[in-house]
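Accompanying notes for the structure given below.
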Protein chains: 2
Amino acid sequence: MPVARTGARVSEELRSRGVRLTAQRRLVVDLLERATRHLDAEAVYRLAHHKDPSIHRATVYRTLNTLKKHGLVDELDLMHVRGTRHYYEVRPSVLHIHLICTACGKVQEPAGRFWEGLKRRVRSQTGFRPEVVRLEMGGVCVDCQDRPPRPPGVRP
Amino acid sequence: MPVARTGARVSEELRSRGVRLTAQRRLVVDLLERATRHLDAEAVYRLAHHKDPSIHRATVYRTLNTLKKHGLVDELDLMHVRGTRHYYEVRPSVLHIHLICTACGKVQEPAGRFWEGLKRRVRSQTGFRPEVVRLEMGGVCVDCQDRPPRPPGVRP
DNA sequence: CTAACTGCAAACCTTTTGCATTGAC
DNA sequence: GTCAATGCAAAAGGTTTGCAGTTAG
């Protein structure tokens with residue numbers, strides 16, 4: 001979702017791992033690659049269903065799980081600021097973190113070498129071999145720090 | 001759950017915020033403070049119900065939400081290694097991270113100054129004011145790196 | 001005394017699963 | 001042709017909610 005992504009990377013990765021490339025999977029992968037915001041399973045389903053009304057919710061869930069299992073997408077929950085659902089993003093080549101504003105719901109994704117270093121640090125300090133990293137922080141974004149606190153309930 | 005915790009801290013904090021200190025809340029807080037492993041809502045309920053059979057699941061959920069809202073407990077999902085549920089821990093004074101082994105399910109919690117620095121770094125680099133930090137990594141713990149990969153399904 | 005909290009039961013929402021059928025390789 | 005993947009419908013979690021009765025402050 002954040003940095004630009006090389007088009008067919010995911011599909012090729014799947015193919016090379018012997019996962020069958022069905023029309024439905026292609027569609028889901030395509031949607032995730034083009035997404036400009038974080039999509040939960042239902043959102044993926046709605047978008048997919050719009051393009052191919054025959055696709056079933058269960059297929060979307062199964063596909064997301066497949067992609068996750070193969071490390072091609074990461075699952076987030078954005079600190080549950082928007083509820084219990086899970087969000088998905090194609091795993092980027094450079095690690096980034098998620099800052100979720102509890103006031104306006106905005107999600108920022110600063111990327112950088114520093115976060116990359118976390119993995120190495122854990123490995124050398126504990127021996128643990130990290131494969132998936134999830135760093136999320138809830139708090140107040142710059143804009144909302146200026147804004148007077150708005151009454152809870154109404155959110156953009 | 002990780003570092004030792006000052007007994008009445010949470011209760012006092014609640015009291016000072018004008019949240020009514022009912023027997024049920026005291027019980028839940030007490031259980032969380034004494035916990036030696038990560039508890040999900042159902043586990044909290046079972047333990048609570050054992051001590052006070054009249055307590056209701058809904059009350060446990062409501063209490064956990066109250067505590068979370070006031071920043072007294074943190075919610076984790078431990079990378080969903082054990083399913084979709086959420087785990088709760090009393091917010092420790094010193095930030096720690098969670099390393100979840102995808103092979104054996106073990107959770108490690110290295111604490112330290114370094115992780116504390118993440119908050120400051122985000123703040124100074126982006127202006128975002130972090131309140132809750134969640135850093136979880138899925139991967140393989142030292143023990144399981146030596147062990148031959150065991151057939152999936154059977155877990156300790 | 002009164003607003004806040006609880007127990008209860010039902011609803012809700014998200015995700016998973018068994019089965020017959022379809023389709024990728 | 002074969003085995004994996006899909007659509008479908010039903011179930012399984014996990015969590016929330018409206019309401020009437022209870023209780024902390």
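Throughout, protein chains are lettered first and strands after them, A, B, ... in sequence-line order, and every chain is numbered starting at 1.
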Would one find a side-chain N or O of [X] under 4.0 angstrom from OP1 or OP2 of [N]?
X: A/Tyr61; N: C/dT16; value: no
X: A/Thr22; N: C/dG23; value: no
X: A/His86; N: C/dT15; value: yes

Tell me: [atom1] of [X] to [atom2] of [N], nearest whole Å?
X: A/Asp77; N: C/dT15; atom1: CG; atom2: C1'; result: 15 Å
X: A/Arg17; N: D/dA4; atom1: CZ; atom2: C1'; result: 17 Å
X: B/Arg62; N: C/dA9; atom1: CZ; atom2: P; result: 14 Å
X: A/Tyr87; N: C/dT14; atom1: OH; atom2: C1'; result: 12 Å
X: B/Leu78; N: D/dG14; atom1: CG; atom2: P; result: 14 Å
X: A/His49; N: D/dT6; atom1: NE2; atom2: P; result: 15 Å
X: B/Arg46; N: D/dG13; atom1: CZ; atom2: P; result: 13 Å
X: B/Arg26; N: D/dT23; atom1: CZ; atom2: C1'; result: 12 Å

Side-chain donor/acceptor contact of B/Arg15 with base of D/dG25 under 3.5 Å: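 Under the 3.5 Å cut-off, the side chain and the base do not form any donor-acceptor pair.
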
Report yes if a donor N or O on one partner sits less than 3.5 Å from an acceptor N or O on the other, where the partners are the side chain of B/Arg57 and the base of D/dG14; otherwise report no.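 It does not, because no donor-acceptor pair links the side chain of B/Arg57 to the base of D/dG14 below 3.5 Å.
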
Return whichever of A/Val60 or B/Asp40 has its heavy-atom-nearest nucleotide of DNA chain D closer to the 5' end.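 The residue closer to the strand's 5' end, by nearest nucleotide, is A/Val60.
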
Specify the residue among B/Leu21 and B/His56 whose closest nucleotide of DNA chain D lies further upstream toward the 5′ end.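 Result of the comparison: B/His56.
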
If you compare all heavy atoms of A/Met79 against all heavy atoms of A/Met137, which two are closest, and at what distance to 0.1 Å?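 Closest approach of A/Met79 to A/Met137, heavy atoms only: CG-C, 4.2 Å.
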
Check ion pair [X]-[Y] (N to O, under 4.0 angstrom):
X: B/Glu116; Y: B/Arg120; result: no
X: A/Arg134; Y: A/Asp77; result: yes
X: A/Arg25; Y: A/Asp30; result: no

Would you indicate what [X] reaches in the nucleic acid, counting non-hydrogen atoms under 4.0 angstrom: base, sugar-phosphate, or nothing?
X: A/Gln24; answer: sugar-phosphate
X: A/Thr84; answer: nothing
X: A/Arg20; answer: base
X: B/Asn65; answer: sugar-phosphate
X: A/Arg25; answer: sugar-phosphate
X: A/Ala23; answer: nothing

Checking contacts here: which listed nucleotide (C/dT14, D/dG7, C/dG7) is nearest the side-chain heavy atoms of A/Ile55?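 Among C/dT14, D/dG7, C/dG7, the one nearest the side chain of A/Ile55 is D/dG7.
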
Check every atom of D/dT17, D/dA5, D/dA9 against the side chain of A/Val19 and return the nucleotide holding the closest atom.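 Looking only at heavy atoms from C-beta outward on A/Val19, the closest nucleotide is D/dA5.
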
Assess whether atom CZ of B/Arg113 is packed by more than 12 heavy atoms of other residues, nucleotides or ligands within 6.0 Å.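 Incorrect, the count does not exceed 12.
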
Does B/Arg123 make a cation-pi contact with B/Phe128 (under 6.0 Å, within 45 degrees of the axis)?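 Ring-cation test returns no.
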
